Amino acid sequence: QVQLVESGGGLVQAGGSLRLSCAASGLTFSSHAMGWFRQAPGKERAFVAAISGIAGNTYYADSVKGRFTISRDNAKNTVYLQMISLKPEDTAVYYCAGTRSYAGGNYYRSSNYPYWGQGTQVTVSS
């Protein structure tokens, strides 16, 4: 049974930083691409960032480029999202997701991810 468990969310002032973690179990972590998505109240779930399996190629939404960094530690089965220069519009529930990694994979679409965590709340105050 695949489990993804997020941690690290919280309340932070605008301009601050947070690091989210997602611990995975029940899957061959290094062969899975991992993504972060977020959902703000009244909005659809949106892509934030993704990282492929062994190659570790990274992908970002335009809104977070230069501020967020996704990384992974395959030895710890964990993916991270380092967030700096946070803005109130970054407020959302952040979800970790996993899918098999393959060449040419589309990691931007939430429908391509079969595995999801329960989410962690990030609130950025102005």
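In this text, all values refer to a predicted model and were calculated from it rather than measured experimentally.
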* Asked: Between D62 and K65, is the closest basic N to carboxylate O distance under 4.0 Å?
  ->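 Between D62 and K65 there is a salt bridge, with a charged N closer than 4.0 Å to a carboxylate O.
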
Rounded distance (nearest 0.5 Å) linking atom [atom1] of [X] with atom [atom2] of [Y]:
X: T69; Y: R19; atom1: OG1; atom2: CZ; value: 11.5 Å
X: R109; Y: T99; atom1: CZ; atom2: OG1; value: 12.0 Å
X: L4; Y: F29; atom1: CG; atom2: CZ; value: 8.5 Å
X: R67; Y: S17; atom1: CZ; atom2: OG; value: 12.0 Å
X: S30; Y: N74; atom1: OG; atom2: CG; value: 5.5 Å

How far apart are the closest heavy atoms of [X] and [Y], and which atoms are they?
X: R72; Y: I51; answer: NH1-O, 3.5 Å
X: S31; Y: T28; answer: OG-O, 2.9 Å
X: S52; Y: Y59; answer: N-CE1, 4.4 Å
X: S21; Y: T78; answer: CB-CG2, 4.3 Å
X: S101; Y: A33; answer: CB-N, 3.6 Å
X: D90; Y: R38; answer: OD1-NH1, 2.9 Å

* Asked: Does some side-chain heavy atom of C22 sit less than 4.5 Å from a side-chain heavy atom of Y95?
  ->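 No - every pair of side-chain heavy atoms lies 4.5 Å or more apart.
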
* Would you check, one step at a time, whether the test side-chain contact (heavy atoms from CB on, under 4.5 Å) holds for V12 with M83? => CA-CA 11 Å; V12 64; M83 306 183 293; over 6 Å; no

Test item: [X] side-chain N/O and [Y] main-chain N/O as donor-acceptor pair under 3.5 Å:
X: Y60; Y: I70; value: yes
X: Q39; Y: A92; value: no
X: Q13; Y: S125; value: no

* To do: Only counting residues at least two apart or in another chain, list the ones meeting side chain to side chain contact (heavy atoms under 4.5 Å, CB included) with S71.
  =>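 Partners of S71 under the side chain to side chain contact (heavy atoms under 4.5 Å, CB included) test: Y80.
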
* Asked: Can you list the steps and then say if L81 with F68 is a side-chain contact (heavy atoms from CB on, under 4.5 Å)?
  -> CA-CA 7 Å; L81 185 68; F68 291 11; 4.2 Å; yes

* Report the residue from T91, T123, L18 that forms a side-chain contact (heavy atoms from CB on, under 4.5 Å) with L86. =>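 The single option meeting the side-chain contact (heavy atoms from CB on, under 4.5 Å) with L86 is L18.
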
* Applying side-chain contact (heavy atoms from CB on, under 4.5 Å) between E6 and each of T120, V93, L20, report the one that passes. =>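 Exactly one pass, corresponding to T120.
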
* Asked: Hey, mind stepping through F37 and Y113 against side-chain contact (heavy atoms from CB on, under 4.5 Å) and telling me if it holds?
  -> CA-CA 11 Å; F37 291 77; Y113 291 82; 3.5 Å; yes

* On the 0 to 90° scale, with breaks at 30° and 60°, tag the H32-Y115 ring pair as parallel, tilted or perpendicular. =>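 Judged by the thresholds at 30° and 60°, the geometry between H32 and Y115 is tilted.
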
* Are V79 and F47 connected in a single hydrophobic cluster, I mean Ile/Leu/Val/Met/Phe/Trp/Tyr linked by side-chain heavy atoms less than 4.5 Å apart? ->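 No, because F47 and V79 fall into different hydrophobic clusters, even though each may have its own neighbours under 4.5 Å.
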
* Would W116 and C96 count as a side-chain contact (heavy atoms from CB on, under 4.5 Å) if you check the C-alpha gap in whole Å, the side-chain angles of each, and the deciding distance to 0.1 Å? -> CA-CA 6 Å; W116 290 85; C96 173; over 6 Å; no

